[in-house]
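All remarks here apply to the structure that follows.
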There are 2 protein chains.
Amino acid sequence: MTSQASDEPETVAASRRSKITPEREREFFDAVLEQIRECGYDSVTMEGVAASTRCSKSTLYRQWKTKPQFVAAALRASRRVRFAGIDTGSLAEDLRQAARAAGDWSGKDTRLLQALGHAVTSDQELAQALREALVHPEIAALEEMLARGVARGEVPAGHPALEYVPAMMFGVLRVRPVLNGQYADADYLVRFVEAVVLPALGRR
Amino acid sequence: MTSQASDEPETVAASRRSKITPEREREFFDAVLEQIRECGYDSVTMEGVAASTRCSKSTLYRQWKTKPQFVAAALRASRRVRFAGIDTGSLAEDLRQAARAAGDWSGKDTRLLQALGHAVTSDQELAQALREALVHPEIAALEEMLARGVARGEVPAGHPALEYVPAMMFGVLRVRPVLNGQYADADYLVRFVEAVVLPALGRR
DNA sequence: GTGTACCGGTACTCGGCCGTATCGGTACAC
DNA sequence: GTGTACCGATACGGCCGAGTACCGGTACAC
């Protein structure tokens with residue numbers, strides 16, 4: 001982590017000298033991510049982002065050197081754990097709530113992941129930012145959920161299905177648009193948890 | 001149509017007049033799909049495909065009007081059912097064999113799907129070709145497998161997990177690279193079938 | 001031998017985007 | 001009031017790719 005004199009959290013330290021307020025920065029980040037969702041990474045242009053936020057291309061290039069660095073910064077600043085705070089005391093209910101939460105941001109994040117999925121193969125920084133922003137936090141939250149369930153004795157430690165729970169949840173989330181032509185909503189995911197995940201874990 | 005001299009299957013009828021042999025056409029299709037896997041849809045250029053197949057850009061544009069139409073033709077010509085011929089008489093063994101087969105082409109098809117995933121949102125023909133080539137045949141094969149299992153009484157009809165089996169299989173296949181950084185191999189998928197799919201279906 | 005029609009190669013137009021440079025305006029410090 | 005440093009606008013260079021046009025070569029029909 002090499003954390004040294006870093007009193008600035010996610011926003012770049014330069015924003016002190018810049019006249020870009022954090023709120024303004026958020027607008028840039030939201031705009032670029034939204035356009036990536038809509039048009040794909042390659043089709044997004046710095047000019048387009050500048051126009052949609054009524055700023056100048058120069059402003060963007062002054063803060064961030066290149067387009068991938070800009071996008072990576074946007075991703076890092078958008079890191080949020082959507083499963084945060086889920087802890088009902090029961091694994092089944094935890095998973096149901098997670099499914100419900102996942103259904104709510106399914107459209108947005110799935111599209112972002114899809115749009116960036118191939119761009120990351122050519123840019124290391126982008127790949128890392130994507131994992132840190134969208135993948136790792138949710139996986140970690142899910143694994144904590146499972147670990148609590150194991151600690152409570154709801155599932156035996158080392159149960160073979162445990163390792164697949166995150167992959168299943170994310171997988172179903174991501175492929176539903178391809179298979180059924182619509183994003184996975186909360187209802188679909190909750191039924192999935194009850195029909196597959198919990199039975200596989202030996203619950204109910 | 002014009003079914004006389006019916007040695008021309010799905011290659012365009014015009015290839016009669018073209019001097020491009022079906023084998024040569026295959027080279028073009030293989031090349032463009034391979035380059036899409038490696039560089040992504042947007043980064044693939046007609047010039048690149050022409051160069052790698054030692055033909056001329058003119059030749060490609062003579063046969064196919066535009067880049068998306070060319071890619072769509074390549075996809076349609078590459079349709080193949082990988083699960084074809086799996087019918088062991090036991091649902092569990094069918095699924096295991098399907099998992100093994102899926103593991104073998106996982107790298108290739110997953111990358112193709114990922115690379116095209118966002119391009120299809122802007123081109124209708126491409127989207128249809130992708131579904132016909134990579135998605136629908138496999139789903140149909142899986143569903144037949146399940147239907148046979150139900151018919152044999154191995155799983156009760158209307159079992160709630162049935163509808164999720166295709167989504168699970170494809171989902172796990174697709175997200176594994178994102179989660180674990182490697183493509184799903186046959187071993188991983190077979191263990192998944194045994195740890196999750198079969199228990200969810202009430203088999204073991 | 002003659003014609004036809006396709007192939008490969010090259011050169012070209014056109015448009016788009018990245019990233020840079022320049023310039024006037026303006027908020028803020030002191 | 002003066003200086004400074006950033007903002008927004010615009011223009012520009014450079015590059016690259018889609019798609020077109022044109023040309024010589026050649027296989028094949030008759």
Side-chain angles (χ1 to χ4, degrees), chain A residues 8 11-29 31-32 35-36 38-74 115-116 118-119 122-123 125-126, chain B residues 5 8 11-29 31-32 34-36 38-74 115-116 118-119 122-123 125-126:
Chain A
E8 300 288 335
T11 39
V12 272
S15 67
R16 251 294 168 42
R17 304 202 162 177
S18 166
K19 290 176 183 170
I20 309 277
T21 65
E23 294 77 21
R24 184 71 170 135
E25 202 179 47
R26 260 254 73 90
E27 287 181 42
F28 296 153
F29 290 161
V32 68
Q35 290 185 24
I36 287 175
E38 281 176 10
C39 317
Y41 176 81
D42 287 320
S43 301
V44 164
T45 73
M46 298 295 262
E47 259 142 347
V49 175
S52 74
T53 53
R54 290 183 306 283
C55 83
S56 148
K57 215 171 35 152
S58 327
T59 304
L60 299 181
Y61 277 107
R62 261 190 289 264
Q63 307 290 329
W64 302 277
K65 306 303 175 200
T66 68
K67 172 175 157 180
Q69 285 181 29
F70 175 43
V71 174
L116 286 170
H118 212 269
S122 53
D123 189 301
E125 183 183 358
L126 213 52
Chain B
E8 302 286 336
T11 37
V12 271
S15 66
R16 246 297 166 44
R17 306 206 161 175
S18 167
K19 291 176 184 170
I20 308 277
T21 67
E23 293 76 23
R24 185 70 170 133
E25 202 179 48
R26 259 256 71 87
E27 286 182 43
F28 296 154
F29 290 161
V32 68
E34 186 52 36
Q35 291 186 23
I36 287 175
E38 279 175 11
C39 319
Y41 176 80
D42 287 320
S43 300
V44 165
T45 73
M46 298 294 262
E47 257 143 347
V49 175
S52 75
T53 54
R54 289 183 307 283
C55 83
S56 149
K57 216 173 29 154
S58 326
T59 304
L60 298 181
Y61 277 108
R62 261 190 290 265
Q63 306 291 328
W64 303 278
K65 307 303 175 200
T66 67
K67 172 176 159 180
Q69 285 180 29
F70 175 43
V71 175
L116 287 170
H118 212 270
S122 52
D123 190 301
E125 183 183 357
L126 213 52

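Just so it is clear: chains get the letters A, B, ... in the order the sequence lines come, proteins before strands, and each one is counted from 1. We use all heavy atoms of the structure for the numbers below, so side chains are in, but hydrogens, waters and symmetry mates are not.
Put simply, the side chain of A:Arg62 and the base of C:dG19 share no donor and acceptor less than 3.5 Å apart.
Rounded to whole Å, the distance from CZ on A:Phe70 to C1' on C:dC18 is 14 Å. Straight-line distance from the CZ atom of B:Arg54 to the P atom of C:dG8: 11 Å, rounded to whole Å.
For B:Ser58, the side-chain hydrogen bond (donor to acceptor under 3.5 Å, both in side chains) partners are B:Ser56, not counting sequence neighbours. Every residue two or more places apart in sequence or in another chain that forms a ring pair (Phe, Tyr, Trp, His ring centres under 6.0 Å) with A:Phe70 is listed here: A:Trp64. A:Thr66 is linked by a side-chain hydrogen bond (donor to acceptor under 3.5 Å, both in side chains) to nothing, counting only residues two or more places apart in sequence or in another chain. The side-chain hydrogen bond (donor to acceptor under 3.5 Å, both in side chains) check on A:Ser122 picks up nothing, with sequence neighbours excluded. When the side-chain hydrogen bond (donor to acceptor under 3.5 Å, both in side chains) test is applied to A:Glu27, the partners found at least two apart in sequence or on another chain are A:Arg24. Applying the side-chain contact (heavy atoms from CB on, under 4.5 Å) criterion to B:Ala72, with sequence neighbours excluded, gives B:Arg76, B:Glu125, B:Leu126, B:Ala129.
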Just to be sure I follow the notation: if a pair is Watson-Crick (purine N1 to pyrimidine N3 plus N6-O4 or O6-N4) or a G-U wobble (N1-O2 and O6-N3), each under 3.5 Å, what dot-bracket string does DNA chain D give, with | for pairs to another strand?
||||||||||||||||||||||||||||||
Can you tabulate the close N/O pairs, meaning under 3.5 Å, that link protein atoms to atoms of nucleotides 17-20 of chain D?
from, atom 1, to, atom 2, distance (Å)
D:dA18, OP1, B:Val44, O, 3.3
D:dA18, OP2, B:Met46, N, 3.3
D:dG19, OP2, B:Tyr61, OH, 3.4
D:dG19, OP2, B:Lys67, N, 3.1
D:dG19, N7, B:Lys57, NZ, 2.9
D:dG19, O6, B:Lys57, NZ, 2.4

Pairs under 3.5 Å (N/O, protein and nucleotides 24-28 of chain C):
none

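Pairs passing the salt bridge (Lys or Arg N to Asp or Glu O under 4.0 Å) check and including a residue from residues 39-64 of chain B, sequence neighbours excluded, read B:Glu47-B:Lys57.
Taking side-chain N and O atoms only, B:Arg24 has a distance below 4.0 Å to OP1 or OP2 of C:dG8. For D:dC7, one of the phosphate oxygens OP1 or OP2 lies less than 4.0 angstrom from a side-chain nitrogen or oxygen of A:Gln63. Contact annotation: A:Thr59 side-chain N/O to D:dG8 OP1/OP2 distance is under 4.0 Å.
Contact detail for B:Tyr41 and B:Ala119: the closest heavy-atom pair is CD2-CB, 3.5 Å. For the pair B:Phe28 and B:Cys55, the tightest heavy-atom approach, listed with the atom from each and the gap, is CE2-SG, 3.7 Å.
The distance from atom OH of A:Tyr61 to atom NZ of A:Lys67, rounded to the nearest 0.5 Å, is 8.0 Å. Between the OG1 atom in B:Thr53 and the CD atom in B:Gln35 there is a gap of 8.5 Å [rounded to 0.5 Å].
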